[in-house]
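Here is the structure we will look at, set down as structure tokens.
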Amino acid sequence: MNFLAPQELIDELGICILQYDRAGYGESEPNPKRSLKSEALDIEELADQLQIGSKFYVIGVSMGSCATWSCLNYIPNRLAGVAMIAPVINYQWPSFPESLIKKDYRRKLIKCAILLAKYFPRLLLWWVTQKWLPSNSVIEKNPAFFNKRDIDILETIPGFPMLSKEKLREQVVFDTLKDDWLVAFGNWEFDPLKLSNPFSQNTSSAHIWQGYEDKVVPSQIQRFVTEKLPWIQYHEVPDGGHLIVHYSGVCEAILKALLLGEQNLSYKPRSGVFVS
């Protein structure tokens, strides 16, 4: 996913946004031994090779937020601040109370996918590439995964080309996604909900940005995360789904909150009934 910050704001702040291909993606070689720790160490090594300084900011979007959590655990001394946008939730985090996640259908789907990826990868590959399943474009516009605003966004962006049946039939693509999934939703070496605040209150910050109507990651669980970690500032897009990083004005608000400490009242969490 792109981070659509206005060029004028980038110039005004005097910042450089670096996007890189994680292991197995783009031009980066696969890492069969990838782990949460390797994600953080890759970021640290990249920063050192590019000589960008002793501290830097990390922004993670969706699955990319697993690497951001990893940085908070393994290289907190290198972080000036972090922002996570619609970060995925691992239902195996031990601090989640059973009452919060027991009836969440996403938990069962992820558990089933983990079992297939770990023990029956050939069956999983066969399943996701069957011709009788809906095409990728149909899946992308499925209201079970995306709200109306997301679906409107999907009309204007390329979507997720790695998830097409043609790409998934390529072994290296399938293995990359499978291994990434196993790392993100498998057993973590640490419990994110027990992390200590690595930042001085006056020098840096951590943020989570969430769509209130996100159908991939429920907002009530994201709120629970920030209640357990009060040093993380929580922002909520009222009519937002999972693709809030593509919404006009959101990336600008993220940068201003992360770098300048500015709070946009439009994204103050609402009270009331949660969307499940």
**Student check: side-chain heavy atoms of Val217 and Pro87 closer than 4.5 Å** = no
**Asked** Any side-chain heavy atom of Phe199 sitting closer than 4.5 Å to one from Leu72?
**Response** yes
Quick one: do the [X] and [Y] side chains pair a donor with an acceptor below 3.5 Å?
X: Gln222; Y: Gln210; result: yes
X: Asp180; Y: Tyr25; result: yes
X: Ser95; Y: Asp191; result: yes

**Asked** Is the distance between the ring centroids of Phe185 and Tyr91 under 6.0 Å?
**Response** no
**Fill in**
For Phe174, the ring-ring contact (aromatic ring centres under 6.0 Å, His included) test, sequence neighbours excluded, returns none
**Message:** Run the salt bridge (Lys or Arg N to Asp or Glu O under 4.0 Å) test against Asp179 and tell me which residues pass, sequence neighbours left out.
**Reply:** none
**Item:** Residues which pass salt bridge (Lys or Arg N to Asp or Glu O under 4.0 Å) with Glu170, listed by chain and number, not counting sequence neighbours
**Value:** Lys167
Hey, are [X] and [Y] close enough for a salt bridge, meaning a charged N less than 4.0 Å from a carboxylate O?
X: Lys215; Y: Asp150; value: no
X: Arg107; Y: Glu98; value: yes
X: Glu39; Y: Arg34; value: yes
X: Lys37; Y: Glu189; value: no

Can you tell me if [X] uses its side chain to pair, donor with acceptor, with the backbone of [Y] under 3.5 Å?
X: Gln233; Y: Gly261; answer: no
X: Asn147; Y: Asp239; answer: yes
X: Arg149; Y: Tyr247; answer: no
X: Ser70; Y: Cys66; answer: no
X: Ser28; Y: Ala23; answer: no

**Asked** What are the two closest non-hydrogen atoms of Trp93 and Val88, and how far apart are they?
**Response** CH2-O, 4.4 Å
